[in-house]
Amino acid sequence: MTQTKKDNKKIVIGVAVLAALVILMGIVYAFFGPKPVKGAKTITIEVIDNEQNSTVYTVNTDAEYLRQAMEEAEGLEFSGTESEYGIMLDTVNGLHADFDTDGAYWSIMVNGEYGMYGADFQPVADGDAYQLVYVTYSE
């Protein structure tokens, strides 16, 4: 077998292994990823700004994910950059966080703990308390 045929065979095997890993990761995510909760629920969304001022929104919703519930919260305004991973919050209630300028960002907390997902993928469950916290990163 020539060197070119051996190289081609390695490439084909590599692509097949990569495809198998991608499929496996998709299956694992489907079984162990966040699960939305259907039906009516009541949650709170608290916004904590750069001066530690707090604004609490109580939301009665059928939303399955946090972003949907945020859109339903009367008086809560937010925007950000859209990507394949959902929205990256940069402004909440008029307060802009710019990591590149001052190390600031908006963090999502779920029941007092750092959220594992962004707003578009964070499941909403009845009774949960969410916080959008303005954080300044410092080393």
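Predicted model only: the values in this text are computed from it and were never measured.
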_Over 12 foreign heavy atoms within 6.0 Å of CD, E71_ = yes
*Quick one: are D126 and I43 in side-chain contact, heavy atoms under 4.5 Å?*
no
*Given side chains that start at C-beta, do those of L76 and I45 come closer than 4.5 Å, heavy atoms only?*
yes
_Contact summary for Y130 and Q122, nearest pair of heavy atoms_ = CE2-CG, 4.0 Å
_Side-chain heavy atoms nearer than 4.5 Å, only ILVMFWY residues, links allowed to pass through others: does that put Y134 and M88 together?_
no
_Shortest non-hydrogen separation from F121 to G86 and the atoms involved_ = CE1-N, 4.0 Å
*Carefully, step by step, assess R67 and E82 under the rule salt bridge (charged side-chain N to carboxylate O under 4.0 Å, His left out).*
CA-CA 12 Å; R67 182 176 183 173; E82 298 286 347; 2.6 Å; yes
*Please work out whether the ring planes of Y137 and F99 are parallel, tilted or perpendicular, with thresholds of 30° and 60°.*
tilted
*Write down the atom of G118, the atom of I108, and the distance for their closest heavy-atom approach.*
C-CD1, 4.0 Å
_Student check: side-chain heavy atoms of L132 and M70 closer than 4.5 Å_ = yes
*What's the shortest heavy-atom distance between A119 and I87, and which atoms?*
CB-CG2, 4.1 Å
*Shortest non-hydrogen contact between V59 and A73, atoms and distance*: CG2-CB, 3.7 Å
_Contact summary for W106 and L95, nearest pair of heavy atoms_ = NE1-O, 3.3 Å
